[in-house]
Number of protein chains: 2
Amino acid sequence: MSDSPATIMLVDDHPLLRKGLKQLISLADNLTVIAECSNGADALIKAEELDPDLIILDLNMQGMDGIETLKRMRDQGVTSRIVMLTVSDADEDVVAAITHGADGYLLKDMDPELLLEQIVRAIEGKMVLSEAITEVLATALRRPSAPTASKLDTLTNREREILELIAKGMSNKLIARELDISDGTVKVHVKHLLKKLGLRSRVEAAVWMVNQEQLTDKN
Amino acid sequence: MSDSPATIMLVDDHPLLRKGLKQLISLADNLTVIAECSNGADALIKAEELDPDLIILDLNMQGMDGIETLKRMRDQGVTSRIVMLTVSDADEDVVAAITHGADGYLLKDMDPELLLEQIVRAIEGKMVLSEAITEVLATALRRPSAPTASKLDTLTNREREILELIAKGMSNKLIARELDISDGTVKVHVKHLLKKLGLRSRVEAAVWMVNQEQLTDKN
DNA sequence: CGCAAACTATCTCTTTTGGGGTAATTGCTA
DNA sequence: TAGCAATTACCCCAAAAGAGATAGTTTGCG
C-alpha cells in the first residue's frame, strides 16, 4: 500500500447514513472520505473529477438509482473500485450490480467493524460480498439467466391469449365464453401451454404470467 | 425544560444508522442516548426498564417490525414519546403508526439539522411529521381507508400464510406438506379465505395476491 | 399440390378444487 | 366460568382441472 490514505467517495441520499459511515471510516487512519453525494447525478460528476480509490454507492436512491448510476459511471470510464451498499438482498439487484461492474455488494445491517474490514479489502482490489449475498449470486449464476421472455414466444397466439386470461383469474368455462369456443378446447390449449412452459397447474401459470407482465412493464 | 438532559432510546437494526444518529444527537447538549437496541424484542424490555423520554423506532426491522413493536409498547403501557424513523413513506405505514400511538413519523433522508430540530420538538411534546408525510396523512384521512389492505387484514395469520403460498402457485397438497398439516385442513383455510376476499377460485386469489404484493413493494 | 402447424372439438379417466357440514383442541376474553 | 375465534381434521359431493388420445378444418409455406 501507499503511505498516503486511500480516497473514498460516499453516495447515499440519507445524510444520516453518510454521517455514520464517514465516522466509521475515520476510525481507520489510512482511509479518507474526500467527497459525499446525495444523488447519482452529482456522483457522476464528482467521480470523474476526483477519481477516488473507492466509491461506496447506495442502491436505493431517489431519482437515478444505484444500478443506473453504476452503469453510467462505468460507461463514462470511471475506474474506481465501486461497492454497492444497500438494505436489499434481492436477487436481481445483486446480479445487476455485479454484471454492471460493481466490485462488491454489502448490506447496511452488517456489523460496522466487519463493514470497515470489507471496505479495506475492496480497496485492496478484492471482490467483497456479504455472506448472505454469495449464495444468492451462486444460485443466480447457475441459471443461465433470462430464458423467460423466450418461453412466451414458443406459445401460439391462441395459447398466449388464453394464458393472459388465466392470469386474470378466469376459469376454462369463462375463457371459453370470452373466446366463443368450447371449454373442452380451452382445456386443450391450457394443457399444451402448461407443457410448453413446464408448469404444473393454471395457478403456477397465472403467477408466472403476472410476474412476467410486471417485469416487462418496468422496461 | 429541566436541567438534566432528555433521555433517548434508539431502536434500529442498522448499527451504522444508529451510529450516525447517536453522533447527531450528541451535538445537542441537552439530549443523551441512554440505550440502543437492534430489534423489537430488546426494545420492549429496555423501554419498560428505562422509561426514556423519547424512543426513536425504525419501521423496517427484521423479526418484529416497527409497527408491531410500537403496538406492543403501547399495550405494555410505555408512555415515552415514540417517533418512527424510516425510509418508507407508504400510506398504510404512516396511518398504522399514527393510529397505534406514534408521536411522529420522520424520514431517514431528512436533513440532519432538521431531524435534530424535530427530535427536540418531539421531546417537547409536539407531533412531528416529515413534510412529505403530512400530505400522505391528509389524503389518507380523506379516504375512509385503504380498500385493499383492509381485506388482507380480515384474514387470520394462517389464512394469509396459505394465501401467500397459493400466490407462489402451490397446490393444496404442497401447501399441506410445507405447513405440516393435512391437505383437508388447507382446503378449509382456502375455502374461508376465498369467502372473505369475495373470490371464486385459487387462481383469482393468486393473481390478486401477486398484484397486491407488487403494489406494497413499490412503497 | 402436399404437409405441417394451429385451432377446433370430443371422449375417457384421475386428480384437484371448492362448498357444505361436524367436531376437538387451544387460548384468550367478557 | 362461559363463550368465542382460530386451528386442526374429518365427512360427503359436485364441479373443475389436467392428462391422454383421436380427429376434423383451416392456413400458410416449400
Side-chain angles (χ1 to χ4, degrees), chain A residues 150-210 212, chain B residues 41 44 64 67-69 71-77 100-101 149-210 212:
Chain A
S150 57
K151 272 191 187 171
L152 245 191
D153 294 340
T154 67
L155 301 185
T156 67
N157 291 333
R158 205 48 154 175
E159 286 163 354
R160 212 173 305 120
E161 192 173 10
I162 287 177
L163 178 54
E164 276 160 17
L165 296 179
I166 288 177
K168 286 184 179 175
M170 293 170 70
S171 68
N172 289 340
K173 201 173 288 184
L174 279 178
I175 294 173
R177 245 174 264 161
E178 175 83 17
L179 301 180
D180 203 32
I181 56 179
S182 89
D183 55 340
T185 300
V186 176
K187 286 174 70 171
V188 174
H189 288 306
V190 172
K191 193 195 310 179
H192 289 160
L193 114 222
L194 287 178
K195 194 167 194 91
K196 284 187 184 174
L197 298 179
L199 301 174
R200 280 170 299 287
S201 75
R202 69 197 295 105
V203 188
E204 284 189 11
V207 172
W208 182 84
M209 189 60 193
V210 172
Q212 212 50 209
Chain B
L44 280 176
M64 196 191 306
I67 297 289
E68 185 63 23
T69 306
K71 206 188 304 182
R72 296 213 198 171
M73 279 184 181
R74 290 311 189 198
D75 284 347
Q76 220 172 74
H100 287 105
S150 58
K151 273 191 188 171
L152 247 191
D153 293 342
T154 66
L155 300 186
T156 68
N157 291 333
R158 205 49 153 175
E159 287 163 355
R160 213 172 305 120
E161 192 173 10
I162 287 177
L163 178 54
E164 277 160 18
L165 296 179
I166 289 178
K168 287 185 179 174
M170 293 171 71
S171 70
N172 288 342
K173 202 173 286 184
L174 280 178
I175 294 173
R177 245 174 265 162
E178 173 83 18
L179 301 181
D180 202 31
I181 55 179
S182 88
D183 55 339
T185 300
V186 175
K187 285 175 68 173
V188 174
H189 290 306
V190 172
K191 194 194 309 180
H192 291 160
L193 113 223
L194 286 178
K195 194 168 193 91
K196 285 187 185 174
L197 298 179
L199 301 174
R200 280 167 300 287
S201 74
R202 68 198 295 104
V203 188
E204 285 189 12
V207 173
W208 182 85
M209 188 61 193
V210 172
Q212 216 43 216

Could you encode protein contacts along nucleotides 9-21 of chain C as a string, one character per nucleotide from 5' to 3', using B for base contact, S for sugar-phosphate-only contact and - for no contact, with a heavy-atom cut-off of under 4.0 Å?
BB-----SBBBBB

All heavy atoms of A:L194 vs all of A:A205, minimum pair found to be CD2-CB, 4.0 Å

Shortest non-hydrogen contact between A:V207 and B:A206, atoms and distance:
CG2-CB, 3.9 Å

What are the two closest heavy atoms between A:L179 and A:R158, and how far apart are they?
O-NH2, 3.6 Å

When the axes are fitted on five pairs at both termini, how much does the helix from C:dC1-D:dG30 to C:dA30-D:dT1 curve, in 10° steps?
40°

Value rounded to 0.5 Å, distance of CG in A:D180 from OG1 in A:T185:
11.0 Å

Restricting to non-hydrogen atoms, name the atom on A:L163 and the atom on A:L155 that form the minimum distance, rounded to 0.1 Å.
CD2-CD1, 3.8 Å

Just wondering, more than 12 heavy atoms not from B:R200 lying within 6.0 Å of its CZ?
no

Heavy-atom donor-acceptor pair, A:R202 side chain to A:M170 backbone, under 3.5 Å
yes

Is there a side-chain contact between A:K191 and A:K195 (heavy atoms, below 4.5 Å)?
no

Whether each nucleotide of nucleotides 23-30 of chain C has a protein heavy atom under 4.0 Å at its base (B), only at its sugar-phosphate (S) or at neither (-) is summarised, 5' to 3', as --------

State whether the number of non-hydrogen atoms from other residues, nucleotides or ligands found under 6.0 Å of B:K168 atom NZ is greater than 12.
no

For B:K196 and B:T154 the tightest heavy-atom approach is NZ-O, 3.1 Å

Those residues of residues 157-164 of chain B lying under 4.0 Å from DNA chain D by at least one heavy atom
B:N157, B:R158

Which heavy-atom pair separates B:G169 from A:S201 by the least distance, and what is that distance?
O-OG, 4.0 Å

Rounded to the nearest 0.5 Å, the CD atom of B:E178 sits from the CD atom of B:E161 at a distance of 8.5 Å

Find the distance between NZ (A:K173) and NZ (A:K187) and round it off to the nearest 0.5 Å.
10.5 Å

Could you tell me the separation between the CE atom of B:M209 and the CG atom of B:L165, rounded to the nearest 0.5 Å?
10.0 Å

Could you tell me from which nucleotide to which nucleotide of DNA chain D, 5' to 3', there is an atom under 4.0 Å from chain A heavy atoms?
D:dA16 to D:dA21

Sorted by chain and residue number, the salt bridge (charged side-chain N to carboxylate O under 4.0 Å, His left out) partners of B:K71 (sequence neighbours excluded) come out as B:E68

